[in-house]
Every structure is written in structure tokens, then in C-alpha cells.
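The figures that follow rest on heavy atoms only: side chains count, while hydrogens, waters and symmetry mates do not.
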Amino acid sequence: MIARISANDAVLLATDRGPAPMHLGAVVVLERGSELGVDTVAGIIGERIQHMPRLTQVLRRAPLGGGRAFWVDQPDFDIDDHLSFQTLCVAGSDNSADDSGLLTEAARLLATPLRRDRPLWAARWLTGLPDGDAALVVVLHHVLADGLGGLAVLAGLTDSQHSDGGLTRPPHLPPPRRVDLVREAWGSRLAALPEAAAWVRRLGGGARELGVGAQRPRAAPATSLNRRTGPRRRLTATSVDLSQVVPAAHRVGGTVNDVVLAAATGAMTEFLAIRGEHPGDLVVSVPVSARRTDAHGDLGNEVGVRPLRVPTMSDPRERLRRIVALTADQPKAGRGSSAVPLGLVFRGLAAAGVFQRFVDHQRLVNTFLTNVHGPSRVLHFAGRPIREILPMGQVSGNIGVAFAVLSYAGQLAVTVLVDPDIIDDADQRLLTTMLRRTFDELVG
């Protein structure tokens with residue numbers, strides 16, 4: 001079986017020519033991780049990624065008539081091409097690194113382009129954190145994995161999946177021959193013909209997930225946060241006790257994601273008001289995964305989006321009730337089916353050579369918000385407990401601020417990712433403070 005990228009991933013890869021690459025990732029903080037030697041860390045990661053084929057494979061273009069790009073094993077794979085080591089040193093802090101120094105390096109790695117002739121990921125082991133902690137920053141190209149796929153990669157690096165020897169190394173396969181590529185590509189096309197009716201149904205379901213037909217389309221409000229983004233990124237983070245968020249959601253018949261939406265839009269509303277901007281609503285793009293498994297052997301990008309128009313009223317609890325009512329009306333069937341119509345539109349824009357211009361000037365959404373349900377128990381790496389996991393999403397086009405959320409071991413970590421040319425350091429700290437305060441108001 002030839003492992004190919006999807007049609008939508010092909011568009012993503014072909015149009016990834018903006019100022020910053022289409023990456024996602026995570027910052028994994030380990031208790032007393034600085035006690036681990038470089039060779040130990042490299043040996044563990046090098047051995048464990050062998051059980052995740054995508055991390056040792058490269059993309060190859062298919063010949064004419066041979067279909068989409070495909071994955072092949074890199075025969076000369078070298079862990080040193082992907083894993084680097086650094087000791088953080090922050091002036092005035094007794095040779096230790098605070099969260100700002102850690103997140104600065106994480107954002108720098110997130111914004112660094114990955115070489116296309118190598119597997120599409122990078123990692124950096126950072127020591128010098130307080131209390132002897134260390135952090136593993138992992139960055140993946142979006143064509144390699146979506147949010148759930150990225151979580152599966154992190155799980156594959158932990159002790160839990162390797163302590164019992166349950167994983168076996170998959171065999172290395174030779175690259176497919178040209179005749180095999182062409183035969184398989186045309187066979188897939190022919191096999192897809194009987195599924196045309198199902199595809200049309202998914203197209204309709206995807207349109208409903210996007211909100212097409214539910215009401216007359218309206219442009220998202222123009223804000224100072226929606227300007228063309230550049231190549232740099234910066235991160236801040238906060239966390240909330242999940243045991244407080246869940247009851248707050250259940251009191252109004254909602255979900256954790258509803259509370260997150262209320263907090264993020266509340267912080268943006270308050271921040272924009274300081275700038276003299278008072279939009280009546282904000283449109284948030286929320287990914288909807290079509291993935292049925294979080295196994296690291298089944299990576300790829302299987303995600304649609306759901307745009308939600310959230311009112312910007314000042315009362316956070318009333319805003320939460322409105323969001324609960326809004327999300328309750330959203331279609332539940334065919335999750336992630338919006339990838340079908342989006343793929344058609346994006347492929348058309350890419351073919352016309354105007355995809356980047358479109359995303360740089362779009363008026364469909366104001367921000368991105370991703371929320372991934374992570375492990376409820378504490379994970380370990382090399383016997384060290386993982387203290388926290390901070391997710392890293394992306395800002396692109398003219399989206400100047402985005403939120404990434406991950407639940408882990410009873411905590412809800414929320415990362416604010418910005419373009420520093422749109423939101424400076426002081427304003428980002430202010431926005432993060434507003435986010436934390438809004439959470440406190442919602443769960444209090």
C-alpha cells in the first residue's frame with residue numbers, strides 16, 4: 001500500500017509559501033529533566049521515533065500521472081538532523097530560565113522552516129529551567145499531523161507506550177516503482193467512482209458545518225488584530241484547573257470548549273475595547289477533527305473547521321450561555337466534513353495562484369481556537385514526570401492572534417500565539433492577563 005498525502009494536504013503543502021510555515025507543536029516540561037544527559041535523551045527519542053514511521057519518512061513527488069505525493073523511508077535518517085540541545089540562560093535570574101525564555105525559544109523553533117528533503121519535524125531539548133526541570137519542544141509540519149495526530153506523536157515519545165515492549169518496529173519498505181504509482185493512482189480514482197454519491201453527501205454536510213445556508217453570509221468584523229502576518233511568532237500561556245472548568249460548563253448545559261470560547265472571545269473583546277474598537281461579534285474558527293483514532297501509526301491531517309460567530313457582550317456568563325445555545329445548534333453528524341468543500345475552494349484558489357492573497361485579506365474569521373483533549377493521568381519520559389504540556393498552534397494569513405488549548409492531568413493549558421508585529425510584548429501580556437481574569441470570572 002502506497003502512503004500518500006490527502007488532496008487537502010497537497011494544497012496545504014503547495015501553498016505553504018507564506019511568511020511563516022504551517023507548523024504546530026507542543027512544549028513538554030519534565031520535572032528534574034536537566035538530570036538527563038544528552039546521549040540519554042537522544043537515544044530514547046531516536047529509538048522511539050522508529051516506531052512512528054512518518055517521523056523517519058520524507059515526501060516525494062509522484063511522476064506525471066502517478067497521483068499525489070507519497071511518503072518513503074529516508075535511508076540515511078539521522079536523529080541529529082532533527083534534535084538539538086540548548087541551555088537557557090536569562091540575565092538576572094541566577095542562570096535559570098523563566099517561562100518567557102522557554103516560550104521565546106519554543107516560538108522561534110515553531111517559526112523556523114523545516115527542510116523538505118527531510119522528515120517534517122524538529123525537536124529541541126532545553127535545560128536551565130528552575131528546579132532542574134527541562135523541556136522538550138516538538139514541532140511538526142501540519143501536513144504530517146493535525147492536533148490529534150500531534151498528541152499521538154507526543155504519546156509515542158513517553159514511557160507509557162514503551163514500558164511493556166508492546167510496540168514493534170515496522171519494516172522498512174523500498175520506494176514504489178513508477179509503474180506501481182501510476183497503477184495505484186488510477187486504481188484509486190476508479191474505485192472512488194461508486195463513492196461519488198457519498199462524496200456529494202459529505203459536500204452538503206461540510207457546507208452545513210461551515211454554516212452555509214443557515215443564514216445569509218456576513219463578513220467577520222474588521223479589527224486591528226486582523227492584519228497580514230509576518231515571519232515571527234511569540235507565545236504566552238496560562239492554565240486553569242479543569243475541575244473548576246467542567247462544573248462551570250455543566251451549570252449552563254455546555255462543554256469545556258464552550259467555556260474556552262467564552263474566555264478567549266471575552267479577552268479579545270476587552271482588549272479591542274482598550275484600542276477603541278467595539279465589534280458586535282467575533283468569528284472564531286474552531287477545528288473539527290474527522291479522525292477516528294489518536295494512534296501515532298495513523299497520522300495525517302484530517303480536520304475541517306466550524307466558524308462560530310460569538311457575541312461580544314461584556315457579561316462573561318451571559319456570553320457563555322449564548323455560546324452554549326450557539327454550539328447546541330451546530331450539526332453533529334459528519335464531523336470534519338467541511339474539509340470537503342474547503343478543499344475544493346482551496347484547490348481552486350491554489351490553481352489560480354491566488355491562495356496566499358486570499359488568506360492575507362480574508363474576512364471570514366477573526367481568530368483560530370484549537371482545543372485538544374489530552375491524557376488525564378501524568379505521563380513520564382525517561383522516568384521523569386511530565387509537569388505540563390503547552391500546545392502551540394499557528395497564526396497565518398491575516399490572523400494576528402490565535403489560542404491553543406490542551407487538557408492534561410487535571411489542568412487546562414491555554415497558549416496565546418501572536419505575531420509580535422501586530423501585538424507587541426506588553427499588549428500580549430495584557431491580553432493573557434485578560435484571558436486569565438475572564439476564566440476566573442466564568443468558573444468562580
Worksheet item: At what distance, to the nearest 0.5 angstrom, does CG of Leu126 lie from OG1 of Thr87?
Response: 8.5 Å

Discussion item. I want to check something: taking the side chain as every heavy atom from C-beta on, are Ile423 and Val401 in contact at a cut-off of under 4.5 Å?
Written reply: yes

Worksheet item: Where do Ala264 and Leu369 come nearest, in terms of heavy atoms and distance?
Response: CB-CD1, 3.7 Å

Fill in: Gap between atom CD of Gln50 and atom CD1 of Ile79 - 0.5 Å precision
8.0 Å

Worksheet item: More than 12 heavy atoms of other residues, nucleotides or ligands under 6.0 Å from CZ of Arg322: is that the case?
Response: no

Item to complete: Decide salt bridge (Lys or Arg N to Asp or Glu O under 4.0 Å) for Arg232 and Asp419; before the verdict, give the C-alpha distance in whole Å, the side-chain angles of both, and the deciding distance to 0.1 Å.
Response: CA-CA 6 Å; Arg232 298 189 299 146; Asp419 180 330; 5.6 Å; no

Discussion item. Would you call the rings of His141 and His23 parallel, tilted or perpendicular, taking 30° and 60° as the class edges?
Written reply: perpendicular

Worksheet item: Is the backbone of Val283 close enough, under 3.5 Å, to the side chain of Arg309 for a donor and an acceptor to pair up by distance?
Response: no

Worksheet item: What's the spacing between Leu110 CG and Leu417 CG if we round to 0.5 Å?
Response: 6.0 Å

Practice prompt. Answer yes or no: is there an ion pair linking Arg384 with Glu35, defined by an N-O contact shorter than 4.0 Å?
Written response: yes

Discussion item. If you compare all heavy atoms of Gln411 against all heavy atoms of Ser239, which two are closest, and at what distance to 0.1 Å?
Written reply: OE1-OG, 3.7 Å

Worksheet entry | Trp71 side chain reached by Val58 side chain, heavy atoms, under 4.5 Å | no

Worksheet item: Less than 4.5 Å apart, any side-chain heavy atom of Val41 and any of Phe85?
Response: yes

Practice prompt. Kindly compute the distance separating CG (Leu109) from OG1 (Thr104), expressed to the nearest 0.5 Å.
Written response: 13.0 Å

Worksheet item: Can a donor-acceptor pair be found between the side chains of Asn398 and Asn226 at a distance below 3.5 Å?
Response: no

Item to complete: May I ask you to test the Arg387-Asp133 pair for a side-chain heavy-atom distance under 4.5 Å?
Response: yes

Fill in: Side chain proximity check, Thr367 to Phe403, heavy atoms < 4.5 angstrom
yes

Table please: side-chain donor-acceptor pairs of residues 266-277 below 3.5 Å, with sequence neighbours left out.
unit_1	atom_1	unit_2	atom_2	d
Thr269	OG1	Thr265	O	2.7
Glu270	OE1	Arg437	NH2	3.3
Glu270	OE2	Arg437	NH2	2.4
Arg275	NH1	Ser224	OG	2.8
Arg275	NH2	Ile422	O	3.4
Arg275	NH2	Asp427	OD2	3.3
Glu277	OE1	Ser224	N	2.9
Glu277	OE2	Ser224	OG	2.5

Discussion item. Atom CZ of residue position Arg32 - does it have more than 12 heavy atoms of other residues, nucleotides or ligands inside 6.0 Å?
Written reply: yes

Response to the item:
In this structure, CZ of Phe70 is separated from CD1 of Ile5 (nearest 0.5 Å) by 11.0 Å

Worksheet item: Looking at side-chain heavy atoms only, is the closest gap between Val416 and Leu235 below 4.5 Å?
Response: no

Discussion item. Test side-chain contact (heavy atoms from CB on, under 4.5 Å) on Val365 and Ile399; report intermediate values, then the result.
Written reply: CA-CA 8 Å; Val365 298; Ile399 304 295; 3.9 Å; yes

Discussion item. If the threshold is 4.0 Å, N to carboxylate O, is there a salt bridge linking Arg436 and Asp440?
Written reply: yes

Discussion item. Can you confirm whether the side chains of Ser34 and Thr127 place a donor and an acceptor under 3.5 Å from each other?
Written reply: no

Worksheet item: Does the side chain of Gln428 come under 3.5 Å of the side chain of Asp424 through a donor N or O and an acceptor N or O?
Response: no

Discussion item. Are Asn366 and Leu225 packed together at the side-chain level, in the sense that at least one heavy-atom pair is separated by less than 4.5 angstrom?
Written reply: no

Fill in: Minimum-distance pair of heavy atoms, taken over all atoms of Arg233 and Ala111
CG-CB, 4.1 Å

Practice prompt. Could you check Trp125 against Gln86 for side-chain contact (heavy atoms from CB on, under 4.5 Å), going step by step and ending with a plain yes or no?
Written response: CA-CA 6 Å; Trp125 181 261; Gln86 181 179 347; over 6 Å; no

Worksheet item: Do Ser376 and Leu242 come within less than 4.5 Å of each other through their side chains, counting heavy atoms only?
Response: no

Worksheet item: Hey, mind stepping through Val259 and Leu320 against side-chain contact (heavy atoms from CB on, under 4.5 Å) and telling me if it holds?
Response: CA-CA 6 Å; Val259 176; Leu320 175 58; 4.2 Å; yes

Worksheet item: How many angstroms lie between atom CZ of Arg228 and atom OG of Ser396, to the nearest 0.5 angstrom?
Response: 12.0 Å

Worksheet item: If every non-hydrogen atom of Leu442 is compared with every non-hydrogen atom of Ala248, which pair is closest and at what distance?
Response: O-CB, 3.6 Å

Worksheet, complete the sentence: Here the pair of heavy atoms bringing Leu151 nearest to His373 is CD2-O, 3.5 Å

Item to complete: Mark yes or no for whether Arg48, through its side chain, and Leu157, through its backbone, hold a donor-acceptor pair below 3.5 Å.
Response: yes

Worksheet item: Is there a donor-acceptor pair closer than 3.5 Å between any side-chain N or O of Thr415 and the backbone N or O of Pro391?
Response: yes

Worksheet entry | Stepwise salt bridge (Lys or Arg N to Asp or Glu O under 4.0 Å) check, Asp281 with Arg218 | CA-CA 11 Å; Asp281 49 41; Arg218 287 187 293 143; 3.6 Å; yes

Worksheet entry | Test item: side-chain donor near acceptor, Thr255 and Asn257, under 3.5 Å | no

Worksheet entry | N/O donor-acceptor pair under 3.5 Å between Arg306 side chain and Val286 backbone | no

Worksheet item: Hey, mind stepping through Leu154 and Ile389 against side-chain contact (heavy atoms from CB on, under 4.5 Å) and telling me if it holds?
Response: CA-CA 10 Å; Leu154 294 180; Ile389 304 176; 4.1 Å; yes

Item to complete: Please report the shortest heavy-atom distance between Gly383 and Asp159, naming the atom on each side.
Response: N-OD2, 2.8 Å

